[in-house]
2 protein chains.
Amino acid sequence: MWKKVVVVVYQYGASRIRHNPLDAAVTHNITGTGNTSPPKLEARERIRDAAIELFGEHGFNEVSLKEIACRAGVSAPLVIHHYESKRNLRKVCDAFVTEQIRRTKTESVRIAGPMPRNHALELIQSHRHLLKYLLQAFAAGGPEMDDLFDTLVEDSLEYTAEAEQLGLVYPSTNPRHRAVVLLLQSFGALMLHHQMKRHLGASPLDEESEGLLPYMAAVAEIYTRPLMNAEMYRELMESQQAFEREISDASPP
Amino acid sequence: MWKKVVVVVYQYGASRIRHNPLDAAVTHNITGTGNTSPPKLEARERIRDAAIELFGEHGFNEVSLKEIACRAGVSAPLVIHHYESKRNLRKVCDAFVTEQIRRTKTESVRIAGPMPRNHALELIQSHRHLLKYLLQAFAAGGPEMDDLFDTLVEDSLEYTAEAEQLGLVYPSTNPRHRAVVLLLQSFGALMLHHQMKRHLGASPLDEESEGLLPYMAAVAEIYTRPLMNAEMYRELMESQQAFEREISDASPP
DNA sequence: CACAGGCCTGAACGGTTGTTCAGCATCTAT
DNA sequence: ATAGATGCTGAACAACCGTTCAGGCCTGTG
């Protein structure tokens, strides 16, 4: 039954989150027909969805309870009545989005097979609002997000290893570190989606799903062909090592 | 007595900032000789520096005027007296940081020669607070930041081309797009510096400058050796092309 | 029918925010 | 010495925030 709730919520979210009386009637209809177990439906889920959408769009502190309530078609005190406080609402949203993304990820992994595409791009097409929320939550921090990031790393590590055995991905001297940096780069690039859209014409986070080819092509080229020389590599590492040696020589007396 | 505490805190903060000798000389000169042009020194700069530091650390909306004033060792209304409003203060900070980074960048380019290191890493060692502010400002958006990002792209493009002629960097089918994506990835990874520190042990944004080798090594490996197969590349591009074709076939009736 | 209980709301409260205002020192110029 | 800027402050203000409270609507149950 919990699943059913989730499905309804998702469909609701996919329909751009209009909270008209019509939609309210529809949800009421759905709840009224079948479920015998304690429903507790309707407004509670609408509030959560509105919060997720608005937090994802504008950030946590930029959104007031009144705006959330307004988008959910309810009053502000009701938000407090259902979720104890705004902070707790955020915690619930964090947990919900985390769970939803975890499920979506494993599903998409099953479907896509051992294709180590960009994690971010994997999620984008169907769950844009979740991804937006996720990015805001990553920026804001919090233990839920730390856990989620960890599982993303583990998942990435896992099916990158599969792809490596298939010869699609080349081995690394430190697969875990590589996976982490790739995740950081992928999600980080999405956090700058505004600049990405300005310079590349489109971003995975805006409404139209088209025009991503320039970005995909650039990323693909960077990841399939070496970008810089081995000599470059050596110089980079040596300068950094020299710098760190200099630091540690100077500081610890 | 409270003031004294504040002042100490500020000086400690300022000693990390390390103003340019040029700026220090100018300010001292003005105050000492009684320049005819509007002096308005001392507190005004302190407020600006405090604002930059706090905005960079906690974000624009997370910092109140009172906190800025407290760190600058003045009262809140004085902030309004010097800078018309909080929004205007942010605009001034944007312009100042932008200008400072522009200057620093050209200097570092001169010094480093045609070494297309990470732009971010280039700035980090000496101007961490500026970089923190920059990342927050990128996240918040604004025309000043758009302009700055554009010049970063142009600069990157320019001396990547130099490095290319020296054989340190390999050519691209679209150098501009590649430069943009590299910038997005570099800065974006820094925006997730919390996760970076958790998984890689250190981040360029925290106080100690050591321990960056894991990150540098992973980045260097990604950029010097191909990550995935050409077959992988083909599949990636084709799936995206197919997806976009499907979209454009369905939508424009 | 009465009545209890779960949604839900309007009004109101305390706290914080950015900003305004009147006035206090300090200094310069007349 | 007087007048006038200038730099700066404490007190106060309106607006908004998250949250509380008392009560109204609706539904199910005796």
Side-chain angles (χ1 to χ4, degrees), chain A residues 5 19-21 23-25 27-33 35-51 54-55 58-93 140, chain B residues 1-7 10 27 30-51 54-55 58-93 140:
Chain A
V5 174
H19 43 284
N20 300 343
D23 289 349
T27 54
H28 184 273
N29 210 0
I30 290 178
T31 60
T33 54
N35 215 329
T36 57
S37 59
K40 278 192 173 182
L41 264 258
E42 305 234 4
R44 193 138 199 275
E45 270 74 14
R46 257 187 344 220
I47 291 172
R48 172 168 42 65
D49 287 353
L54 287 175
F55 286 161
H58 304 107
F60 185 64
N61 286 315
E62 273 53 59
V63 177
S64 70
L65 286 187
K66 194 175 279 182
E67 296 174 85
I68 296 172
C70 176
R71 179 180 268 243
V74 299
S75 69
L78 192 66
V79 180
I80 300 292
H81 178 244
H82 282 302
Y83 309 88
E84 183 180 344
S85 65
K86 191 185 179 184
R87 229 183 209 115
N88 188 253
L89 173 61
R90 173 165 135 82
K91 270 188 70 176
V92 172
C93 288
Chain B
M1 65 155 184
W2 197 28
K3 274 187 196 171
K4 281 187 181 176
V5 175
V6 171
V7 167
Y10 166 70
T27 56
I30 289 178
T31 55
T33 61
N35 200 328
T36 56
S37 62
K40 281 187 176 180
L41 262 266
E42 303 241 357
R44 194 143 198 273
E45 270 73 13
R46 250 175 351 185
I47 291 172
R48 171 170 41 68
D49 288 352
L54 287 176
F55 287 161
H58 305 107
F60 185 63
N61 287 315
E62 281 36 53
V63 178
S64 69
L65 285 187
K66 194 176 278 183
E67 296 175 84
I68 297 173
C70 177
R71 177 178 268 237
V74 299
S75 68
L78 191 67
V79 180
I80 299 293
H81 178 243
H82 282 302
Y83 308 88
E84 183 181 343
S85 65
K86 191 185 179 185
R87 227 183 212 115
N88 189 254
L89 172 60
R90 174 164 133 83
K91 271 188 69 176
V92 172
C93 288

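Because only heavy atoms are used, hydrogens play no part in the values below, and waters and symmetry mates are left out as well, while side chains stay in. Quick note on labels: first sequence line is chain A, next is B, and so on, each numbered from 1.
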Donor-acceptor list for residues 75-86 of chain A side chains, cut-off 3.5 Å, not counting sequence neighbours:
{"residue": "A/Tyr83", "atom": "OH", "partner": "A/Arg44", "partner atom": "O", "Å": "2.8"}
{"residue": "A/Ser85", "atom": "OG", "partner": "A/Asn88", "partner atom": "N", "Å": "3.2"}
{"residue": "A/Lys86", "atom": "NZ", "partner": "A/Val63", "partner atom": "O", "Å": "2.7"}

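- Nucleotide D/dG7 holds its C1' atom 13 Å from the CZ atom of B/Arg44, rounded to whole Å.
- Across every non-hydrogen atom of A/Ala72 and A/Arg46, the tightest pair is O-NE, 3.0 Å.
- Atom CG in B/Leu78 sits roughly 15 Å away from atom P in C/dG18 (whole-Å rounding).
- The separation between B/His82 atom NE2 and C/dG18 atom C1' is 17 Å, rounded to whole Å.
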Hey, what are the protein-to-nucleotides 23-28 of chain C N/O distances that come in under 3.5 Å?
none

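- Distance A/His81 NE2 to C/dG10 P: 15 Å, rounded to the nearest Å.
- At the heavy-atom level, A/Val74 lies under 4.0 Å from the strands shown only through sugar-phosphate atoms.
- In this entry the distance linking CD1 of A/Ile68 with C1' of C/dC8 reads 17 Å, nearest Å.
- In this entry the distance linking CG of B/Asn61 with P of C/dT17 reads 12 Å, nearest Å.
- For residues 58-69 of chain A, every residue pair satisfying the side chain to side chain donor-acceptor pair (under 3.5 Å) rule, not counting sequence neighbours, is listed here: A/Asn61-B/Glu62, A/Glu62-B/Asn61, A/Ser64-A/Glu67.
- For A/Arg46 and C/dC7, the CZ to P distance is 14 Å, given to the nearest whole Å.
- Within the model, atoms CG of B/Asp49 and CD1 of B/Ile68 stand 12.0 Å from one another, a figure rounded to the nearest 0.5 Å.
- Between A/Ile47 atom CD1 and A/Glu45 atom CD the span is 9.5 Å, to the nearest 0.5 Å.
- One atom, CG of B/Asn88, and another, C1' of C/dT20, lie 17 Å apart when rounded to the nearest Å.
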Review point. For nucleotides 10-24 of chain D, read 5' to 3', which letter fits each nucleotide if B means a protein heavy atom sits under 4.0 Å from the base, S means only the sugar-phosphate is that close, and - means neither?
Key: BB-----SSSB----
